[in-house]
Amino acid sequence: MAQLLTEQEQIRRESLNELLALGINPYPANEFEVNVTTREIHENYPEKNTYPEVSIAGRIMSRRIMGAASFIELQDSTGRIQCYFKRDEICPGEDKTLYNTVFKRLLDIGDIIGLKGYVFITQMGETTIHVTSYVLLTKSLKPLPIVKEKDDKVYDAFTDPDLRYRQRYVDLIVNPQVKNTFVLRTKMVNSIREFLNTKGYLEVETPILQPLYGGAAARPFTTHHNALDMTLYLRIANELYLKRLIVGGFDGVYEFSKDFRNEGMDRFHNPEFTQIELYVAYKDYDWMMNLVEEMIEKVAIDMHGTTVVKVGEHEIDFKRPWKRYTMFEIIRHFTGIDISGMNEDELRTVAAQLQVPVDPTMAKGKIIDQIFGEKCEPNLIQPTFITDYPVEMSPLAKKHRTKEGLVERFEAICNGKELCNSFSELNDPIDQRKRFEDQLELGKRGDEESMTLDEDFLRAIEYGMPPTAGLGIGIDRLAMIMTNSNSIQDVLFFPQMRPEKAKAFHKADDFTAIGVPQVWADHLPKAGFASIDDLKKAKPTQVHQILNGYRKKNKLEIPALTLNEVEIWFGS
RNA sequence: GAUUCAGUAGCUCAGUCGGUAGAGCAACGGCCUUUUAAGCCGUGGGUCCUGGGUUCGAGUCCCAGCUGGAUCACCA
């Protein structure tokens with residue numbers, strides 16, 4: 001199957017064939033030894049090392065050819081460096097092919113080469129590798145977008161989000177700050193892992209395919225296991241499995257969990273995303289708040305060397321301690337209304353008064369959450385703990401030790417969004433069963449995201465789960481804040497996209513098989529006939545006219561077709 | 001799901017009132033031995049997202065669709 005090639009792609013394939021004819025393997029198998037990176041050269045030359053013999057590999061990102069001398073920019077995983085090629089050094093003898101033909105004509109931007117040489121500084125003051133020999137390591141057959149830069153100003157930037165996300169590899173090649181975002185993300189995850197490991201907690205793995213989905217309120221993805229002939233769900237959370245492990249006797253467990261939720265997509269939501277969940281026995285939510293502060297402060301310092309992170313227009317300071325308000329306090333703070341002790345009808349009146357939209361399926365807890373989400377959350381920029389949520393919206397959290405109708409739960413809000421969610425975990429199996437049953441009632445009332453009843457989980461906590469503090473942090477959300485990214489797609493290598501429309505493919509062989517001469521077979525797709533089906537949808541007379549018109553337009557030096565010839569293709 | 005903006009050369013984009021499709025970079029052919037968004041001369045490159053409609057004539061106007069962005073809704 002051949003794809004329609006652009007002019008530039010055809011030229012690159014011709015270059016490839018010329019290289020082969022010269023005995024140059026465009027995809028050699030042998031190792032190319034690299035003894036330095038571009039970053040090391042820039043950091044150390046000439047104070048710490050003069051680099052008399054470098055051996056380095058990377059991708060050609062730009063070329064400036066001036067007769068018998070040339071400059072290229074070579075890009076490796078750490079950055080770019082300029083390289084100087086001089087014809088008579090690349091080709092010391094009579095034969096100048098390796099410079100004149102191979103380097104100047106057959107290599108392209110995007111090709112990967114290995115080179116040896118020494119480092120010097122040009123008259124313009126740029127650290128440069130003086131190349132003494134080079135070898136082609138990989139020929140690139142597709143032209144890259146050309147991004148140019150001067151004085152930190154970027155020209156012709158590769159910005160189309162559709163292309164950037166679908167072809168992340170290209171995005172990574174030409175947009176260096178993209179690579180940096182993902183390096184930072186990994187640093188962030190490592191920082192959290194290191195923090196928790198130092199505390200002695202155990203990193204574990206629990207099922208992604210679950211017979212019942214639980215631990216959160218969301219619609220799941222559904223799949224089927226053939227051998228067991230049963231429905232399985234991709235997990236929406238791992239909470240209930242980690243708690244089973246606490247029952248089993250681990251004091252602290254955590255998991256970086258890919259979770260899946262079958263819901264809308266926008267700049268804060270991707271159908272698959274990452275959370276970390278942590279459960280620690282014999283602790284409560286007050287203790288967990290202190291841990292979160294300590295951990296996120298450390299993460300900021302590990303990533304940026306400071307607790308202050310620039311996010312959009314804001315500077316967010318993760319330095320401990322963070323502000324703490326109860327849910328009722330913060331609502332009173334932003335609305336002036338004290339809703340503590342109100343019943344459902346009174347809350348509806350308040351919501352109407354505040355112009356907060358509510359609907360009849362919402363119970364008391366959801367209305368309070370709606371008021372909070374509308375009137376408070378967007379205004380909380382600096383990291384802030386909100387504590388003591390209504391019991392109705394927290395079916396897995398323990399009832400508050402003193403406050404009726406509330407649970408021991410907190411969220412940290414930052415930049416107007418939830419950063420984490422935590423509670424003193426409910427370990428009373430009788431209360432837990434009742435809460436699940438209340439959820440089933442909500443489900444009947446029309447709430448599509450109410451939780452299901454998990455008998456095995458209830459059995460586990462009937463054996464006894466110690467008092468436990470639990471925590472969930474949205475890793476993608478945290479990465480967005482910590483890398484100053486505006487969209488979740490910018491912190492996921494391969495965000496979910498609609499499938500690409502299939503491009504026109506054709507087989508020249510198919511056309512020749514029905515009697516189309518080779519010279520015409522190559523042109524048919526360009527003339528508008530991507531496949532045999534396309535061709536046969538038209539009438540022979542039309543095809544005859546279109547092709548001869550195409551021949552004239554493109555000044556093809558092949559004889560004009562006769563109608564008779566075309567009719568033969570149609571097998572008449 | 002709603003509203004709205006966008007889709008033109010490999011990339012970034014222009015395209016006036018509806019009248020033969022343009023620029024820069026990239027590519028190709030020249031010149032050029034420390035240049036740097038290299039420069040100079042020349043050449044080629046287009047399913048103007050797709051399909052209908054209006055019109056003598058559509059990249060441009062109208063309708064429908066596709067893809068993406070933004071905002072909203074949904075999503076603790």
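Naming convention: chains lettered A, B, ... in sequence-line order (proteins, then strands); numbering from 1 in each chain.
- When the C1' atom is used for both rG53(B) and rU60(B), the distance is 15 Å, rounded to whole Å.
- Using a 4.0 Å heavy-atom cutoff across all strands shown, Asp156(A) reaches at least one base atom of the nucleic acid.
- Nucleotide rG68(B) forms a Watson-Crick or G-U wobble pair with rC5(B), both donor-acceptor distances falling under 3.5 Å.
- The phosphate of rU35(B) (OP1 or OP2) has no side-chain N or O of Arg64(A) nearer than 4.0 angstrom.
- Asp160(A) comes within 4.0 angstrom of the backbone, heavy atoms only, and of no base.
- Ring to ring, Tyr118(A) and Tyr51(A) are not that close: their centroids are 6.0 angstrom or more apart.
- Within 4.0 Å of Phe120(A), counting heavy atoms only, lies at least one base atom of the nucleic acid.
- Each of rA76(B), rU33(B), rC13(B) was ranked by its minimum atom distance to the side chain of Pro395(A); first place goes to rA76(B).
- Of the P atoms belonging to rG57(B) and rU47(B), the separation is 24 Å, rounded to the nearest Å.
- Judged by distance alone, the side chain of Asp476(A) and the main-chain N or O of Thr274(A) form a donor-acceptor pair under 3.5 Å.
- Comment: Glu18(A) engages Arg105(A) in a salt bridge, judged by a side-chain N to carboxylate O separation of less than 4.0 angstrom.
- In this structure, Glu73(A) reaches neither bases nor backbone, as no heavy-atom distance under 4.0 Å exists between it and the strands shown.
- Remark: Lys148(A) is not in phosphate contact with rG24(B), judged by side-chain N or O atoms under 4.0 Å from OP1 or OP2.
- Phe268(A) has its CZ atom 15 Å from the P atom of rC74(B), to the nearest Å.
- Nucleic acid contact class of Gln123(A) (heavy atoms, under 4.0 Å, all strands): base.
- The residue Glu126(A) sits close to a base: some heavy atom pair falls under 4.0 Å.
- Below the 3.5 angstrom threshold, one finds no donor paired with an acceptor across the side chain of Glu7(A) and the base of rA27(B).
- Taking a 6.0 Å sphere around CD of Gln177(A), one finds it holds more than 12 heavy atoms contributed by other residues, nucleotides or ligands.
- Regarding contacts with the backbone of rG68(B), a side-chain N or O of Arg166(A) is found under 4.0 angstrom from either OP1 or OP2.
- rC49(B) sits 25 Å from rC56(B) when the P atoms are compared, rounded to a whole Å.
- Protein atom CG of Asp369(A) is 12 Å distant from nucleotide atom P of rC74(B), rounded to whole Å.
- For the pair Lys366(A) NZ and rA73(B) P, the computed distance is 14 Å after rounding to whole Å.
- Arg80(A) comes within 4.0 angstrom of no nucleic acid atom, judged by non-hydrogen atoms across all strands.
- In terms of position on RNA chain B, the residue among Gly67(A) and Lys417(A) whose nearest nucleotide sits closer to the 5' end is Gly67(A).
- The base-pairing partner of rU16(B), taking Watson-Crick or G-U wobble contacts with both distances under 3.5 Å, does not exist among the strands shown.
- The nearest whole Å value for the distance from the CD1 atom in Ile121(A) to the P atom in rU35(B) is 14 Å.
- Taking atom P on both nucleotides, rU8(B) is separated from rU16(B) by 16 Å, rounded to a whole Å.
- For Asn238(A) and Glu255(A), the side-chain atoms include at least one donor-acceptor pair closer than 3.5 Å.
- Pairing of rG46(B), defined by two Watson-Crick or G-U wobble distances under 3.5 Å, is not identified with any nucleotide.
- With rU33(B), rA73(B), rU67(B) as the choices, the nucleotide that has an atom nearest any side-chain atom of Tyr84(A) turns out to be rU33(B).
- For the pair Ser62(A) and Ala69(A), both in contact range of RNA chain B, the more 5′-proximal nearest nucleotide belongs to Ala69(A).
- Nucleic acid contact for Arg164(A): none, since no nucleic acid atom lies under 4.0 Å from a heavy atom of the residue.
- The residues Glu425(A) and Lys243(A) are annotated as salt-bridged, a charged nitrogen and a carboxylate oxygen being separated by less than 4.0 angstrom.
- When the C1' atom is compared between rG51(B) and rC66(B), the two are found 10 Å apart, to the nearest whole Å.
- When distances run from any side-chain atom of Pro145(A) to the nucleotides rC11(B), rU33(B), rG69(B), the shortest one goes to rC11(B).
- rU36(B): no Watson-Crick or G-U partner with both key distances under 3.5 Å is found in any strand.
- Between the P atom of rA27(B) and the CG atom of Leu141(A) lies a distance of 15 Å, rounded to the nearest Å.
- With respect to Asp160(A) and Arg164(A), no salt bridge is recorded, no charged nitrogen being found less than 4.0 Å from a carboxylate O.
- When the C1' atom is compared between rC5(B) and rG10(B), the two are found 25 Å apart, to the nearest whole Å.
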Name every donor-acceptor pair, under 3.5 Å, that has one atom in a side chain of residues 64-75 of chain A and the other anywhere in the protein, sequence neighbours excluded.
residue, atom, partner, partner atom, Å
Arg64(A), NH2, Gln82(A), OE1, 2.7
Ser70(A), OG, Tyr99(A), OH, 2.6
Glu73(A), OE1, Ser62(A), OG, 2.9
Gln75(A), OE1, Arg80(A), NE, 2.8
Gln75(A), OE1, Arg80(A), NH2, 3.3
Gln75(A), NE2, Ile173(A), O, 2.8

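- Residue contacts shown for Ile65(A) include a base, since a base heavy atom lies under 4.0 Å away.
- In this structure, the ring of Phe423(A) has its center no less than 6.0 angstrom from the ring center of Tyr285(A).
- His130(A) and Tyr84(A) share no donor-acceptor pair across their side chains, judged by distance under 3.5 Å alone.
- Comparing the C1' positions of rG29(B) and rA64(B) gives an interatomic distance of 47 Å, to the nearest angstrom.
- Atom P of nucleotide rC25(B) and atom CD of Glu149(A) are separated by 18 Å, given to the nearest angstrom.
- Side-chain atoms of Asp162(A) lie closest to rU67(B) of the nucleotides rU33(B), rA73(B), rU67(B).
- With P as the reference atom, rG46(B) and rA23(B) are 14 Å apart, rounded to whole Å.
- Look at rC61(B): its Watson-Crick or wobble partner, with both distances under 3.5 angstrom, is rG53(B).
- Taking the side chain of Phe158(A) as heavy atoms from C-beta on, and the options rU33(B), rC11(B), rA76(B), the nearest nucleotide is rC11(B).
- Among the nucleotides rU34(B), rA76(B), rA27(B), the one closest to any side-chain atom of Met66(A) is rU34(B).
- Look at CG on Leu163(A): it is 11 Å from P on rA9(B), rounded to the nearest Å.
- Taking every side-chain heavy atom of Tyr165(A) into account, rG69(B) is the closest of rG29(B), rG10(B), rG69(B).
- Heavy atoms of Arg267(A) sit under 4.0 angstrom from primed sugar atoms or phosphate atoms, though from no base atom.
- With both pairing distances under 3.5 Å, rA73(B) is matched to nothing as a Watson-Crick or G-U wobble pair.
- Under the Watson-Crick or G-U wobble criterion, with both distances below 3.5 Å, rA21(B) has no partner in any strand shown.
- If you take CD of Gln82(A) and P of rA37(B), they are 11 Å apart, rounded to a whole angstrom.
- As judged by a 4.0 angstrom heavy-atom cut-off over every strand, Arg498(A) is placed among residues touching the sugar-phosphate backbone only.
- Using a 4.0 Å heavy-atom distance criterion, Gln489(A) is classed as a sugar-phosphate-only contact.
- Distance from the side chain of Ala217(A) is smallest for rA76(B) among the nucleotides rG10(B), rG69(B), rA76(B).
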